[in-house]
Amino acid sequence: MGIKDLLRFMKPHIEPIHIKKYAGKRVGIDAYSWLHKGAYSCSMELSLNMEGEKKLQYLNYFMHRINLLRHHKIIPVVVFDGGNIPCKAATENERHRRRKANRDLAMEKLKEGNFNAASELFQRAVSITPSTAHQLIQILRSENIEFVVSPYEADAQLAYLSSLEAEKGGVVAVISEDSDLLAYGCPAVVFKMDRYGSGEEIVQNKVFESASCVPSFQCFDKELFTGMCVLAGCDFLPSVPGIGITKAYSLVSKYRNLDRVLSVLKFEKRDQMPGDYSKLFREAVAVFQHARIYDADSKSLKHLKPLPEKLLQSLDEGLDFLGPEMPPSIAAAIAEGNLDPSTMEAFYHFPSSTTHLNPTTKNQTFDRFPRHEATAISTEECCFSVVSSHKVRKERTAVMGQKIVIEESKYSHEATELEKLVCPLNARSTDENETAIDKIHLKVPDNNPFRKRKLVEVELDQCENVTERVSEVTEVENSEILCVTPESQESVDSKPIIKRSDGKMRAKNEKLKRRNCQSSENKRSSILNFFSRV
DNA sequence: GCAAGGTCTAAAT
DNA sequence: TAGACCTTGC
């Protein structure tokens, strides 16, 4: 992922920072990097699409970080990945293949009764689907947090936002784990932000201006830097054998012209260099410079940087390598989170009153962007529902007679059985004939754990006496509390003080913890029993 | 000295 | 899985 060895190479230019330096500013967030991290804690539940609260734990993780930013008066702008661009297909296919292999293996281990091995493999198999992301979008909406779904790469969208003024929706920095952001020319990127807000920052201007740091980039500009990144190997194009980040840097700083670097490479690497490398190299550089992004102002697709006439002429096969063009209505529907960017299907959405529901219009597939329908989706006032239950998906497929969107349906039977075993009785529907719509509708009001938490925070604020430093998450009624108090900001080592009530609550928490441990153990034995029976 | 490949570890709770 | 670190071979 990202540019090979770039962060290691850039180490002298990395500065440790705390996120509070961006107080009062707008900061972009690469949603998928936090979604992936959050998904580790519930990878099996996500992979098997099991019912229950645990599956939504990744939302807790994400929102904890959002709340941390908000506590420091930072305005978060969350950016999601959209569709894949053609030149990333090889990388994506490989990732998909590996995840699938891990998931198949995990299922085998589970059937063998090897719970630990299965659990580890599920962590490797975890995949963030558009519908997983859509659950988060639903919460972001209800919490009034700005978000945008990029038409293609989130990195490109973040780079675009970084180039705008705050008044026009711009951000001053981006939080991500992906070194691609540097190749896209993001002016400031914060990597490895931890749960307390500490991270490592790279500021582009400082990189280009620093005279003392080695490697020096004083003779570089944005284009040369991007060229160096592509030469070292990126998701769009592997490097020529024998070329790593150090060689790439040497070549670019020596010749200071990407065409000249290509000529030298062609001469030096003759046999090892693929015949079409020069073409693919130019395309990869063009993706980093001119990717298609969504412009919220005009509500249409734009290029990260306008395409110069010279480049347009040199690209014989058009601009499809940047991802296909799409009409503004579709781009807007994707950006606003109403249309799945990879399947072009509308997410389930309901008007404010569910009495207007018409099941026949709930799940439209938009083949090649019918403009009028997409416009209706993008502008209609709606509240999002949850597309998460495999039961719902099964029914959805059966009712609509359309393609199965969620591939993991392969395991839906096993998941259903598992779910019966591991979910508490009161968390399951007792009415087997309950319709899919009822199930979805029932989920909507309870789906935002942060609403619940707010109530608890108020209760806690009313408790006068006890403020105590604790390092673990406090749980009340199975909902995580992480209320970072104002005074915590000044605490030692920037570690937040988590405010909680007195010993009574602590006793309750410990009881809950014991119960959770017990339920985890029960869950394990239930699964093992299930597989010993089948 | 460098690229490339291997191994280890943290990521979440 | 991806990054960090180490070893090997050119």
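Within every chain, numbering begins at 1; the chains are lettered A, B, ... in the order of the sequence lines, protein sequences first and strands thereafter.
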Counting side-chain heavy atoms from CB outward, which of [options] is closest to [X]?
| X | options | value |
| --- | --- | --- |
| A:Pro241 | B:dA4, C:dT1, B:dA11 | B:dA4 |
| A:Lys11 | C:dC5, B:dC2, B:dT13 | C:dC5 |
| A:Thr246 | B:dA3, C:dA4, B:dA12 | B:dA3 |

Measure from [atom1] on [X] to [atom2] on [N] and round the result to the nearest Å.
| X | N | atom1 | atom2 | value |
| --- | --- | --- | --- | --- |
| A:Asp30 | C:dA2 | CG | P | 13 Å |
| A:Lys100 | C:dT1 | NZ | C1' | 18 Å |
| A:Ile3 | C:dG3 | CD1 | P | 11 Å |
| A:Tyr58 | B:dA11 | OH | P | 22 Å |
| A:Met228 | B:dA3 | CE | P | 12 Å |
| A:Ile245 | B:dG1 | CD1 | P | 19 Å |
| A:Ile128 | B:dA11 | CD1 | C1' | 13 Å |
| A:Lys247 | B:dG1 | NZ | P | 13 Å |

Ion pair check, [X] and [Y], cut-off under 4.0 Å:
| X | Y | answer |
| --- | --- | --- |
| A:Asp235 | A:Lys4 | no |
| A:Glu283 | A:Lys279 | yes |
| A:Lys21 | A:Glu201 | yes |

Of A:Glu200 and A:Ala125, the one whose nearest nucleotide on DNA chain C sits closer to the 5' end is A:Ala125
Please compare A:Lys192 and A:Gln123 by the position of their nearest nucleotide in DNA chain C and report the one closer to 5'.
A:Gln123
Ignoring backbone atoms, test whether A:Arg65 places a side-chain nitrogen or oxygen under 4.0 Å from the OP1 or OP2 oxygen of B:dA12.
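For B:dA12, OP1/OP2 do have a side-chain N/O of A:Arg65 under 4.0 Å.
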So which one's nearest nucleotide on DNA chain B is more toward 5', A:Asp5 or A:Glu120?
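Its nearest nucleotide lies further toward 5', so the answer is A:Asp5.
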Is the distance between the ring centroids of A:Tyr58 and A:Tyr40 under 6.0 Å?
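Between A:Tyr40 and A:Tyr58, the centre distance exceeds or equals 6.0 Å.
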Please confirm whether A:Phe217 and A:Tyr249 have ring centers closer than 6.0 angstrom.
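That pair passes the under 6.0 Å test.
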At under 4.0 Å between heavy atoms, what does A:Ile243 touch on the DNA or RNA strands: base, sugar-phosphate, or nothing?
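The answer is sugar-phosphate, as A:Ile243 gets under 4.0 Å only of primed atoms, P, OP1 or OP2.
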Any base atoms under 4.0 Å from A:Gly38, or only sugar-phosphate, or nothing? Heavy atoms, all strands.
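A:Gly38: no heavy atom of the nucleic acid under 4.0 Å.
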